[in-house]
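Take a look at the structure below.
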Amino acid sequence: MKRVGLFGGSFDPVHHAHVALARQALDQLALDEVRWIPVGLPWQKARELAPAADREAMVRLAIEGEPRFVLDRIELRRRGPSFTLDTVRELHAANPGTDWFLILGQDQYATLHTWRDWRELLGLVTMVVANRPGASVAINPQVADFRHQAVVLPMMDISSTEVRRRAAAGEPIDDLVPEAVAEYIERRHLYRS
């Protein structure tokens, strides 16, 4: 049975911690691939995202050179809000015989019970919760009965918010994002007001 990780997010922009998490998931879970799924229209984000084409291009640049990383445009093609369950249903139907692993950060895990039809979603995937060394994941009692695995991340204090802040201020971001992504952000003048 093929083992595939699903790694969704706004990736606004993608940064080193995203790449590190995907690599750790590949290795620790013996995955055949990790599908990077940039969100189309996020239902839980209030702020406006960078254009989808730019976010897609940055993910493509960040995952170059790792054949087990795959960019999946499934949510970018879909009209309306992006719900993870819709994505998983579609992938599940199109790829029988695949074992799906939903890769989540601790912040996403904490609010999972607010996601649309989360019980059905967790019946279709194994949850993988990213956990920083020394940090404990508070088990959400509503989702505790579903399959979990933890992926321990190297300690990386990087956020997309910080990347956007630095880019807006004209400060260097090379230490936060892959080189090709930094060049793309500079060339496209992203996150400048």
Side-chain angles (χ1 to χ4, degrees), residues 5-26 33-66 69-88 90-91 102-112 114-116 121 128-132 151 153-193:
L6 300 176
F7 189 23
S10 59
F11 302 120
D12 191 27
V14 61
H15 52 66
H16 287 312
H18 291 134
V19 177
L21 170 55
R23 287 191 193 286
Q24 291 283 60
L26 274 175
E33 68 183 42
V34 171
R35 291 195 186 188
W36 292 67
I37 305 173
V39 69
L41 179 60
W43 65 276
Q44 285 188 319
K45 285 221 189 286
R47 69 174 179 80
E48 188 173 331
L49 301 180
D54 287 323
R55 293 182 294 110
E56 176 186 353
M58 289 186 284
V59 168
R60 193 176 303 280
L61 291 168
I63 67 175
E64 265 180 354
E66 174 48 79
F69 286 166
V70 176
L71 176 67
D72 194 322
R73 301 186 72 251
I74 190 168
E75 291 191 4
L76 296 174
R77 290 191 306 261
R78 186 180 303 129
R79 293 186 187 275
S82 292
F83 293 105
T84 304
L85 177 60
D86 295 337
T87 300
V88 171
E90 191 174 330
L91 291 170
L102 181 63
I103 302 168
L104 302 174
Q106 287 176 292
D107 53 340
Q108 294 169 308
Y109 173 70
T111 62
L112 189 65
T114 68
W115 291 18
R116 181 172 157 208
L121 171 65
V128 178
V129 182
N131 191 19
R132 294 186 184 278
V151 175
L153 287 179
M155 189 56 84
M156 298 184 86
D157 189 20
I158 300 175
S159 71
S160 295
T161 302
E162 178 62 10
V163 176
R164 292 191 303 271
R165 186 202 65 74
R166 281 200 201 174
E171 297 173 11
I173 57 171
D174 310 69
D175 58 327
L176 303 178
V177 300
E179 182 181 348
V181 173
E183 291 169 0
Y184 184 91
I185 290 170
E186 179 64 28
R187 187 171 61 253
R188 298 277 296 157
H189 306 288
L190 294 178
Y191 311 117
R192 301 277 170 95
S193 45

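Everything numeric in this text was worked out from a predicted model, so none of it was measured. Just the heavy atoms: all of them, side chains too, but no hydrogens, waters or symmetry mates, feed the values below.
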Pairing residues for E186 by the side-chain hydrogen bond (donor to acceptor under 3.5 Å, both in side chains) criterion, not counting sequence neighbours: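 Expected list: R192.
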E179: side-chain hydrogen bond (donor to acceptor under 3.5 Å, both in side chains) partners, not counting sequence neighbours: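 Applying side-chain hydrogen bond (donor to acceptor under 3.5 Å, both in side chains) to E179 gives none.
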Find the distance between [atom1] ([X]) and [atom2] ([Y]) and round it off to the nearest 0.5 Å.
X    : Y    : atom1 : atom2 : answer
R165 : Y191 : CZ    : OH    : 14.5 Å
L102 : Q108 : CG    : CD    : 8.0 Å
E75  : E56  : CD    : CD    : 12.5 Å

Over all heavy atoms of both residues, which pair between [X] and [Y] is shortest? Give the atoms and the distance, please.
X    : Y    : answer
S160 : H18  : OG-CE1, 3.7 Å
I103 : G5   : CD1-CA, 4.1 Å
L76  : A52  : CD2-CB, 3.7 Å
A53  : Y184 : O-OH, 4.2 Å
A167 : I173 : N-CG2, 4.0 Å

Lys/Arg-Asp/Glu bridge criterion (N-O < 4.0 Å) met for E162, R166: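 Yes.
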Side chains of [X] and [Y]: closer than 4.5 Å at any heavy-atom pair?
X    : Y   : value
T87  : R78 : yes
V14  : I63 : no
E64  : R60 : no
R164 : P13 : yes
L26  : F69 : yes
D12  : R47 : yes
W115 : L85 : no

Chi angles and distances behind the side-chain contact (heavy atoms from CB on, under 4.5 Å) call for L6, T84: CA-CA 10 Å; L6 300 176; T84 304; over 6 Å; no
Residue pair L190, M58: steps toward the side-chain contact (heavy atoms from CB on, under 4.5 Å) verdict: CA-CA 11 Å; L190 294 178; M58 289 186 284; 3.8 Å; yes
Taking the side chain from [X] and the backbone from [Y], do they hold a donor-acceptor pair closer than 3.5 Å?
X   : Y    : value
H16 : V177 : yes
S82 : G40  : yes
R55 : V39  : yes

Aromatic ring pairing F11/W36, orientation class (parallel under 30°, perpendicular over 60°, tilted between):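 The arrangement is tilted - the two ring planes meet at 30° to 60°.
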Criterion side-chain contact (heavy atoms from CB on, under 4.5 Å) on I74 and R35, from CA distance to verdict: CA-CA 10 Å; I74 190 168; R35 291 195 186 188; over 6 Å; no
